[in-house]
Amino acid sequence: MNVQIALKDRSYDVVLGQGVRHGVLEFIRRARPRTKTVVVVTSTSLRRQAWFDFVDDGLSVLEVPEGEAAKNFSALEALCENLADLRLSRDDVILSVGGGAITDMAGFGAAVYLRGIDVVHVATSLVGQVDAAIGGKTAINLAAGKNLVGAFHQPLGVFCDFETLESLPERERLSGMGEIAKCWLLEQRDVSDLDTTSLFELIEMSVRLKAAIVASDELENGRRALLNYGHTLAHAIEALALQRDTDELRHGEAVGIGLAYAARLAYALGRVDADAIVAHDTVLDQLGLHRSVPDDLDTMDIVRAMGHDKKAHHDLTFVLAGQGGFEVVPGVDPETVVRVLESFRGEA
Ligand code: GLY
């Protein structure tokens with residue numbers, strides 16, 4: 001099944017299904033007949049997976065560090081030096097194969113190497129398939145926060161092969177569920193339908209929502225910011241956790257916590273009634289996501305980090321539900337933010 005990201009002359013398809021990775025090299029040959037070299041960017045552990053079989057022996061494969069460790073300047077520099085050693089030209093293509101960290105970093109490499117070359121993503125994780133690989137956001141991290149250096153660079157195509165999810169570690173699967181929960185809530189779907197919706201239908205729902213939003217607001221001047229639902233708190237606790245342990249809190253796990261908090265904040269601000277909190281908690285429970293902010297993070301450190309989020313304009317900005325649907329709400333009163341956060345933490 002194909003879902004189109006409609007962006008005029010830069011439109012492309014997200015190809016979803018079992019075994020779709022086997023079509024990616026043929027896709028590149030057809031889409032870019034002048035391409036002589038396809039360079040695969042992946043990690044050591046992903047290269048060992050059985051599904052890596054679709055990468056022909058003749059292709060150059062560059063390995064980048066695992067997970068978030070790939071998203072920094074030194075890994076990016078090494079990648080670009082390797083691309084130059086391979087004499088990659090502007091007619092050539094980077095094929096990134098991995099989860100969100102790899103598609104973010106390889107996508108940014110593609111955006112800046114030779115001022116931009118084509119990239120195709122084979123998204124192998126659930127977060128990658130439902131969010132990170134789609135929509136052209138690419139980035140690396142700074143010590144000050146995640147994704148603070150990046151570019152919009154739309155891929156030529158995105159391949160989401162459900163077979164790569166079979167070997168996904170449980171925490172990676174759960175991380176993807178955080179983004180799926182976000183989409184389910186943004187779509188205002190009925191929680192009672194969740195039981196009868198398959199994982200593949202959840203992926204399709206998330207991709208279709210993202211496709212519609214990106215097509216209407218590619219550069220996040222408006223509606224695309226709704227995709228950051230739950231992310232103000234999520235980015236803050238993820239960044240604080242990352243400073244001390246790279247694997248304490250995965251992105252989607254943090255998003256789940258951020259969604260539960262956003263419902264409580266919306267309630268405290270009189271934007272929704274208490275049923276919204278129950279609906280959020282039920283969706284998160286059904287998808288296996290917990291709602292606990294790590295105990296040893298200090299509430300005031302979290303609030304300060306929320307103020308540094310790149311979506312905030314020197315204040316506390318949240319995507320919140322309301323009577324008219326979801327919207328970006330800047331300038332939320334810090335005292336309310338702290339009070340609701342402390343009460344939320346006390347629920348556990
Ligand atoms: N991950 C949010 C976005 O792509 O806009």
Close side-chain approach of H231 and H251, heavy atoms under 4.5 Å: yes
Audit row: E253, S175, side chain to side chain donor-acceptor pair (under 3.5 Å) steps and yes/no: CA-CA 5 Å; E253 293 173 309; S175 184; 6.0 Å; no
Polar side-chain atom of D298 near backbone of D301 as donor-acceptor pair, under 3.5 Å: yes
Result of checking W184, F318, F326 against Y229 for ring-ring contact (aromatic ring centres under 6.0 Å, His included): F326
Short side-chain to backbone donor-acceptor contact, T138 and H153, under 3.5 Å: no
Where at least one partner belongs to residues 320-333, residue pairs that pass salt bridge (charged side-chain N to carboxylate O under 4.0 Å, His left out), sequence neighbours excluded: R271-E327
Which atom of F152 lies closest to which atom of E218, heavy atoms considered: CE2-O, 3.4 Å
Nearest non-hydrogen partners of A225 and E220, listed with the distance: N-CG, 3.6 Å
Among L16, V122, L165, side chain to side chain contact (heavy atoms under 4.5 Å, CB included) partner for C160: L16
Donor-acceptor pair between E66 and S43 side chains, under 3.5 angstrom: yes
Exam field: side chain S89 to backbone D91, donor-acceptor pair closer than 3.5 Å: yes
Flag, side chain of K71 to backbone of N147, donor-acceptor distance under 3.5 Å: no
Ring centers of F159, F27 separated by less than 6.0 Å: yes
Electrostatic pair R21-D161, nearest N-O below 4.0 angstrom: yes
Enclosure of Y267 OH (heavy-atom neighbours >12, cutoff 6.0 Å): no
